[in-house]
Amino acid sequence: TREAETAPPDRLAACGAEALARALASGDPERAVPVVERWSERARTREAREAFAMLLEECGRTEELAEALDALASHLEGPARAANRRRLGYLHAAEGRSDAAIAAWREALAHDPEDLASLGAAAEALAEAARDAELIELCDAHAATAAHAPTVEAHYALALERAGRHEDAA
C-alpha cells in the first residue's frame, strides 16, 4: 500500500490489479481495498473504477459501492451506462431506498429506452408504492418496451383501473 501512495499511473494500475487478484484469490478481498481505492482515485479510469466497484461489491460495502458506481457512470455510455444505473437501482432497492432506486432505474431507461429489466423494476417499485400517476407516465413513455413485459402491463392496467381509466385498462 505504501507504493500505491506514490507510484506513477502505470505502476499504480499494475499494483491495483495485482492487489485485487491476490486478495480475491486469498479469500480476503478487504486487503485490497486501500490499494484499489487509491488506484481508482488517482487514475480515474474506467478500468480502475470498475475494479473498485467490483471489489466493494465483493466486500459488501454497499454505501461506498453506490458512490463508486456514480464515479464509474461518467466513463460509460448507452447500454453500459444503463446497466450501471440499473445495478445502482437494485443496490438502492436492497437498502430500502425506493426513491433513489426508482431514480436510478429512470436514468437507466434514459440511456437505454429498451431496458426491460429497469422498466420492470421501476414499474414494480412504483406499483408497490401506489404511485399510479408516475407508473402510468412511465409505461406511456415506454409503451413499446412495456408491451414485451407482462408484469409491467399488469401493473399498468391496475394503475389505470385505480385512476378510473377503465376503458384504457381493458
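Keep in mind that what you see is a predicted model, and the values were worked out from it rather than measured.
- Interatomic distance, CD of E47 versus CG of L72, reported as 12.0 Å (0.5 Å rounding).
- Under the ring-ring contact (aromatic ring centres under 6.0 Å, His included) criterion, no residue pair touches residues 141-170, with sequence neighbours excluded.
- A pairwise comparison of heavy atoms in I136 and A163 identifies CD1-CB, 3.9 Å as the closest pair.
- Atom CZ of R42 is separated from atom CD of E37 by 13.0 Å, given to the nearest 0.5 angstrom.
- Across all non-hydrogen atoms, the minimal contact from A149 to L116 is CB-CD1, 3.5 Å.
- Of all heavy-atom pairs spanning L69 and A53, the tightest one is CD2-CB, 4.2 Å.
- E114 is not listed as a side-chain neighbour of L119, based on a closest heavy-atom distance of 4.5 Å or more.
- Residues T45 and E50 form no side-chain contact, since every pair of their non-hydrogen atoms from C-beta on lies 4.5 Å or further apart.
- L126 CG to I102 CD1: the interatomic distance, rounded to the nearest 0.5 Å, is 4.0 Å.
- Atom CZ of R162 has more than 12 heavy atoms from other residues, nucleotides or ligands within 6.0 Å.
- Residues D132 and L160 are not in side-chain contact: their nearest non-hydrogen atoms beyond the backbone lie 4.5 Å or more apart.
- Between S118 and R85, the closest side-chain pair of non-hydrogen atoms is not below 4.5 Å.
- The shortest side-chain heavy-atom distance between E67 and L56 does not fall under the 4.5 Å cut-off.
- Side-chain contacts under 4.5 Å among hydrophobic residues (ILVMFWY), followed directly or transitively, place L158 with no other residue at all.
- Using a 4.5 Å heavy-atom cutoff, the side chains of F52 and E41 are not in contact.
- Counting heavy atoms from C-beta outward, C139 and V152 have side chains that approach closer than 4.5 Å.
- Under the side-chain hydrogen bond (donor to acceptor under 3.5 Å, both in side chains) criterion, E30 pairs with R61, not counting sequence neighbours.
- The shortest heavy-atom contact between R46 and A80 is NH2-CB, 4.3 Å.
- For S98, the side-chain hydrogen bond (donor to acceptor under 3.5 Å, both in side chains) criterion is met by no residue, not counting sequence neighbours.
- Here D112 pairs with nothing under the side-chain hydrogen bond (donor to acceptor under 3.5 Å, both in side chains) rule; sequence neighbours left out.
- With hydrophobic clusters built from ILVMFWY side chains whose heavy atoms lie under 4.5 angstrom apart, L88 does not share a cluster with L109.
- Counting only residues at least two apart or in different chains, salt bridge (charged side-chain N to carboxylate O under 4.0 Å, His left out) contacts with residues 86-100 comprise E57-R87, E63-R97, R86-D115, D99-R131.
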- Before giving the answer on side chain to side chain contact (heavy atoms under 4.5 Å, CB included), spell out for L138 and R106 the whole-Å C-alpha distance, their side-chain angles and the decisive distance to 0.1 Å. CA-CA 9 Å; L138 178 73; R106 286 182 187 272; 4.1 Å; yes
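- By the criterion of side-chain heavy atoms lying less than 4.5 angstrom apart, applied directly or through intervening Ile, Leu, Val, Met, Phe, Trp or Tyr residues, V33 is grouped together with L24 in one hydrophobic cluster.
- In terms of hydrophobic clustering, with Ile, Leu, Val, Met, Phe, Trp and Tyr side chains grouped at heavy-atom distances under 4.5 Å, W105 and L65 are assigned to different clusters.
- Scanning all heavy atoms of the two residues, the minimum distance from P113 to T145 falls at O-OG1, 3.2 Å.
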- Chi angles and distances behind the side chain to side chain contact (heavy atoms under 4.5 Å, CB included) call for R44, R49: CA-CA 7 Å; R44 298 177 189 228; R49 300 287 193 194; 3.2 Å; yes
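- Going from atom CZ of R22 over to atom CZ of R31 covers 7.0 Å, rounded to the nearest 0.5 Å.
- A121 approaches Y90 most closely through the heavy-atom pair CB-CE2, 3.9 Å.
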